[in-house]
Every structure is written in structure tokens, then in C-alpha cells.
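Since this is a predicted model, take the numbers as computed values, not measurements. Heavy atoms only: backbone and side chains are in, while hydrogens, waters and symmetry mates are out. We're numbering straight along the sequence, starting at 1.
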Amino acid sequence: MAGEMDSPAATPRTKKSLWPSVLRWIPSSTDHIIAAEKRLLSIVKTSYTQENVNIGTGPPGSKIRWFRSSSNEPRFINTITFDSKEDLPTLVMVHGYAAAQGFFFRNFDALTKHFRVIAMDQLGWGGSSRPDFTCKSTQETEDWFIDSLEEWRKAKKLDKFILLGHSFGGYVVSKYALKHPEHVQHLVLVGPAGFTSEVDHKSEWLTKFRATWKGAVMSHLWESNFTPMKVLRGLGPWGPDLVRRYTSARFGDYASGDVLTDKESILFTDYIYHTLAAKGSGELCLKYIFSFGAYARSPLLERAVEWKVPTTFIYGFEDWMNYQGAIDARKNMSVPCDIIRVPKAGHFVFLDNANGFHSAVLHACRRFLTSDPNAYPLAEGVISI
């Protein structure tokens with residue numbers, strides 16, 4: 001049975017509202033997120049410890065707090081650490097935009113047989129602290145995520161580990177590895193965002209779309225930092241039904257791989273709603289990291305020549321994130337780099353085809369698991385390019 005424990009240095013959670021959920025316009029809170037997380041992870045058979053890792057008020061020596069916040073209140077990172085053998089390599093898993101650590105619920109049992117798995121909610125997401133977001137530039141915004149991840153690493157007393165990031169999380173862990181390569185043994189980038197810019201992509205459809213009135217409106221909303229979560233909050237008590245429809249469609253009717261079971265769908269829908277409906281914080285990074293169309297303002301492709309950590313890219317065959325950026329980046333890397341594609345999977349490859357995803361991760365990290373170079377071959381249909 002899964003366990004739950006607060007770190008001794010943890011920050012007390014926000015006081016509970018005196019109004020019961022049924023009477024609030026947005027029926028969610030940090031307590032709701034943690035409760036939904038616990039229900040979702042009840043599916044996982046491996047025991048784990050949940051803790052609130054205190055990362056302080058800001059980077060040592062910095063004159064600003066997390067980040068440009070008006071509060072001196074310490075911040076914490078919601079973290080789950082799974083029980084495992086002590087001699088296993090450490091795998092840190094970082095979620096993407098509009099997500100949280102529970103999105104990996106289908107992967108924990110399989111991966112904990114080979115790794116010491118630690119998953120965390122990025123600052124401003126999931127059950128972690130949600131400071132007021134007042135960053136005003138791409139650099140400040142990157143620092144928000146990179147430096148909070150580094151303070152979390154120090155608090156967890158981690159020295160060297162394998163670092164896995166999905167989508168926007170792939171962008172964050174890549175930037176982290178560029179700044180702190182001495183701590184990262186291997187990068188696993190799952191459908192990573194941010195490798196190419198709009199100029200690199202030369203997107204004709206985006207240029208034409210911007211010229212339409214719909215494109216002009218969408219572009220304005222993007223630059224105004226209007227996020228999908230604001231729509232969800234505006235729907236109030238009707239928000240959970242919208243999330244249910246999305247979950248049923250994306251991971252059910254239109255899934256390219258394994259569909260969610262009824263129990264998984266119910267618990268995952270509840271979890272997604274509470275993580276998205278809570279106070280806006282990390283979500284407001286969007287316009288500073290990406291231009292309209294989700295193209296990076298500070299593309300990772302331009303930093304490929306500086307890469308110091310061996311890297312594996314993993315994409316679903318149906319991933320909307322273009323793997324051409326990985327191919328172009330590899331040409332400029334001086335470290336080992338592999339690109340793996342998984343069939344019957346889209347952008348959420350770890351949910352769509354969990355077994356194929358596990359095969360790709362084990363293959364990518366095989367040098368940490370065995371001395372046999374032929375161990376952990378890719379599953380049928382999974383390809384390396």
C-alpha cells in the first residue's frame with residue numbers, strides 16, 4: 001500500500017477554505033490535488049513516500065525570491081519516491097505543461113523494478129507551491145524552473161541521476177543539464193518541446209493562419225498569456241465535465257494505443273481537473289518560453305553544440321511534436337545520442353503504449369543496468385533511427 005509522509009522541512013499547506021467544495025465556484029484546492037493524486041496512485045502496486053520538499057525562498061545569494069514573489073514564504077516541491085533496492089540507478093521523472101507527476105501512473109510499477117524512481121511536480125504545478133508568477137522575460141522564466149529544480153536536488157541530496165522529461169518538461173530538463181551537467185548521467189527526452197524556433201520550422205500554415213481573423217485573435221490571446229486553464233476555471237462547477245470529455249476522447253475513443261480502463265479514466269479525470277483548476281502559477285510561463293504555435297523563443301537546437309550529457313529522444317509514431325528537431329540537434333552533438341520511436345502512441349507515449357515506452361527507457365539506460373551491451377533490446381515495432 002502506498003505511503004504518504006511530509007518532509008520535516010516541509011512548508012505547511014495553505015489553510016483550508018471555510019466554504020465546502022460544493023459551494024465554491026472552483027471546487028478545487030491543493031488538498032484536493034494531493035487527495036486526487038493519492039486516489040490515482042492507489043492503482044500503483046509499488047509502495048511510495050510522498051513528501052513536500054522545502055526549497056526555501058529563492059536561490060542562495062539571489063536578491064529575488066521564487067520568483068519576484070511578494071512573499072518570503074518558503075516554497076515546496078511535491079515529490080513521490082518509490083520503494084526500491086538501494087543499489088539501483090536513480091531516475092527522476094519530470095512532467096510537461098498542463099500536467100503533473102501522476103501522469104506517469106502507468107509507468108511506475110514497471111520502472112521501479114529497474115530504477116529508484118522519483119517523480120516531482122514542477123514549481124507552480126500539481127501539488128507543489130504555486131507562487132505568484134511575475135517573471136517578465138524568457139531568462140527569468142527559465143530560471144524559475146531550472147533553479148527550483150536545482151534547489152530540490154540539493155534538498156533531496158541527489159548527486160548523479162538519470163533525468164527524464166516529457167514535452168515542456170523535456171525543455172526544462174535539457175536547460176537544467178546544460179547548466180548542471182555534472183549531476184545528470186543521462187537525459188531521456190520524451191516528445192520534448194522547444195528544439196526549433198518558428199524561423200527554423202518555416203511554417204507556411206502558421207503564417208497563413210495568422211493572416212486570418214481567427215489567427216489574429218489566437219495570437220493576441222497567446223501574447224496576453226491567456227491559458228486553457230483560465231477557461232477551465234471560468235467554467236466553475238462545469239469544469240470537471242469538460243475534463244471528462246477530453247480524457248474520454250484523448251485516451252479513449254481516439255487513442256492510438258492502449259485505452260484507459262474505466263477505473264483509470266475516472267481517477268485520472270479527477271486528478272487532471274484538480275491539477276489544472278488550482279491557482280494559476282507555472283502555467284503563465286507559456287508566452288515567455290514559446291511564441292505562438294509553440295515554437296521556442298530560445299531554441300535548444302542552437303545549444304546542441306554545447307551538449308555534455310548522453311541523450312535519448314523518445315517519440316510516439318503519432319506524436320505531434322516533430323522529431324526532425326532531434327535529428328537536426330544530433331548532428332551538432334558531440335555526445336552519444338539516440339532517437340527512438342514507439343508505435344501505437346502519440347504525444348503521451350507513456351500512456352498510449354506503456355510497454356513500448358518502458359522498452360525504450362530500459363534500452364536507453366541499459367549501460368546503468370547491466371554490463372551486457374545486448375541486454376534490453378527494443379520491443380517489437382519500437383525503432384531506433
Heavy atoms of Ser148 and Leu123 approach each other most closely as OG-CB, 3.7 Å
Do you know which of Leu164, Val361, Leu189 makes side chain to side chain contact (heavy atoms under 4.5 Å, CB included) with Ile314?
Val361
Distance from Asp328 atom CG to Met333 atom CE, nearest 0.5 Å?
10.5 Å
Do side-chain atoms of Ser298 reach the backbone of Ala296 as a donor and acceptor pair under 3.5 angstrom?
no
State, with a plain yes or no, whether a side-chain heavy atom of Leu286 is found less than 4.5 Å away from one of Asn225.
yes
Thr227 vs Leu284, side-chain contact (heavy atoms from CB on, under 4.5 Å): CA-CA, chis, key distance, verdict
CA-CA 7 Å; Thr227 68; Leu284 299 174; 4.2 Å; yes
First locate atom OH of Tyr315, then atom CD1 of Ile339, and finally report the distance between them rounded to the nearest 0.5 Å.
7.0 Å
Taking salt bridge (charged side-chain N to carboxylate O under 4.0 Å, His left out) as the test, write out the residues that go with Arg245, two or more places apart.
Asp241
Straight-line distance of Thr247 OG1 to Ile272 CD1, nearest 0.5 Å
4.0 Å
Between the side chain of Ser265 and the main-chain N/O of Asp262, is any donor-acceptor distance below 3.5 Å?
no
How are the rings of Trp320 and His347 set relative to one another: parallel (under 30°), tilted (30 to 60°) or perpendicular (over 60°)?
tilted
Residue pair Trp307 / Ser174: nearest heavy atoms and the distance that separates them:
CH2-CB, 3.7 Å
Is the Tyr171 to Phe195 ring centre distance short of 6.0 Å?
no
Return yes if some donor-acceptor pair links the side-chain N/O of Lys230 with the main-chain N/O of Gly280 below 3.5 Å, else return no.
no
Please list all pairs meeting side chain to side chain donor-acceptor pair (under 3.5 Å) that have one or both residues in residues 101-110, counting only residues at least two apart or in different chains.
Glu37-Gln101, Thr46-Asp109, Arg106-Glu264, Asn107-His358
Ser248 side chain to Arg244 backbone, donor-acceptor under 3.5 Å
yes
Stepwise side-chain contact (heavy atoms from CB on, under 4.5 Å) test for His186 and Arg367
CA-CA 10 Å; His186 196 94; Arg367 65 190 175 97; 3.6 Å; yes
Residues pairing under salt bridge (Lys or Arg N to Asp or Glu O under 4.0 Å) where one sits in residues 273-291, two or more places apart or in two chains, turn out to be Asp132-Lys279, Arg233-Glu283
Decide whether Leu242 and Tyr97 are clustered together by the hydrophobic rule: side chain heavy atoms of Ile, Leu, Val, Met, Phe, Trp, Tyr closer than 4.5 Å, transitively.
yes
Output every pair passing side chain to side chain donor-acceptor pair (under 3.5 Å) with a member in residues 370-385, not counting sequence neighbours, ordered by first then second residue.
Asp338-Ser384
Quick one: does Gln122's side chain have a donor or acceptor within less than 3.5 Å of a partner on His95's backbone?
yes
To the nearest 0.5 Å, atom CE of Met93 lies from atom CG of Leu163 at 11.0 Å
Student check: side-chain heavy atoms of Tyr48 and Phe108 closer than 4.5 Å:
no
Would you check if Met120 and Val94 make a side-chain contact, meaning some heavy-atom pair closer than 4.5 Å?
yes
Do side-chain atoms of Asn353 reach the backbone of Pro343 as a donor and acceptor pair under 3.5 angstrom?
yes
Do Tyr271 and Phe103 have side chains that approach each other closer than 4.5 Å (heavy atoms only, starting at C-beta)?
yes
Give a yes or no answer on whether the side chain of Ser128 reaches the backbone of Gly124 with a donor-acceptor pair at less than 3.5 Å.
no
Is it true that a side-chain atom of Thr275 and a backbone atom of Ala99 form a donor plus acceptor pair closer than 3.5 Å?
no
Please determine whether residues Leu369 and Val117 belong to a single hydrophobic cluster, defined as Ile, Leu, Val, Met, Phe, Trp and Tyr linked transitively by side-chain heavy-atom distances below 4.5 Å.
yes
Using atom types as modelled and distance alone, determine if a side-chain donor or acceptor of Arg303 lies under 3.5 Å from a backbone N or O of Leu300.
no
Between Val184 and Leu88, is there a shared hydrophobic cluster once you connect ILVMFWY residues whose side-chain heavy atoms come closer than 4.5 Å?
no
Taken to the nearest 0.5 Å, the spacing of Asn78 CG from Asn52 CG works out to 6.0 Å
Distance (rounded to the nearest 0.5 Å) between Phe161 CZ and Lys156 NZ:
11.5 Å
So, for Phe251 and Phe348, is the gap between ring centers shorter than 6.0 Å?
yes
Run the numbers on Val92 and His183 for side-chain contact (heavy atoms from CB on, under 4.5 Å), then give the verdict.
CA-CA 12 Å; Val92 174; His183 297 301; over 6 Å; no
Heavy-atom closest pair (Ala98 atom, Met229 atom, distance to 0.1 Å) is CB-SD, 4.2 Å
Answer with yes or no whether the hydrophobic clustering places Phe350 together with Ile43; edges join I, L, V, M, F, W, Y residues whose side-chain heavy atoms lie under 4.5 Å apart.
yes
Do Arg116 and Thr81 pass the side-chain contact (heavy atoms from CB on, under 4.5 Å) test, and can you show the C-alpha distance, the side-chain angles, and the key distance before you say yes or no?
CA-CA 8 Å; Arg116 178 193 177 210; Thr81 303; 4.2 Å; yes
Do Trp152 and Ile118 come close enough that some side-chain heavy atom pair is under 4.5 Å?
yes
Any Cys285 side-chain heavy atom under 4.5 Å of Trp144 side chain:
no
Compare every heavy atom of Phe357 with every heavy atom of Val342, then report the nearest pair and how far apart it is.
CG1-N, 4.2 Å
For residues 164-184, which residue pairs pass the salt bridge (Lys or Arg N to Asp or Glu O under 4.0 Å) check, not counting sequence neighbours?
Glu142-Lys175, Asp147-Lys179
With a sphere of 6.0 Å drawn around NZ of Lys113, does it hold more than 12 non-hydrogen atoms of other residues, nucleotides or ligands?
no
Who pairs with Lys85 by salt bridge (charged side-chain N to carboxylate O under 4.0 Å, His left out), at least two apart in sequence or on another chain?
none
Is the closest side-chain heavy-atom distance between Arg297 and Tyr288 below 4.5 Å?
no
Tell me whether the centres of the aromatic rings in Tyr323 and Phe313 are closer together than 6.0 Å.
no
Which atoms form the tightest heavy-atom contact between Asp121 and Gly127, and what is the distance?
OD2-N, 2.8 Å
Can you name the nearest heavy-atom pair linking Pro131 to Ser281, along with the distance?
O-OG, 2.7 Å
In terms of hydrophobic clusters joined by side-chain contacts under 4.5 Å, are Leu178 and Val305 together?
no
Determine whether a donor-acceptor pair (N or O, by modelled atom type, separation under 3.5 Å) exists between the side chain of Ser129 and the backbone of Phe76.
yes
Please say whether more than 12 non-hydrogen atoms of neighbouring residues, nucleotides or ligands are located less than 6.0 Å from CZ in Phe317.
yes
In terms of the angle between their ring planes, are Phe268 and Phe105 parallel, tilted or perpendicular, with boundaries placed at 30° and 60°?
tilted
Determine whether Val243 and His274 make a side-chain contact, defined as any pair of heavy atoms from C-beta on separated by less than 4.5 Å.
no
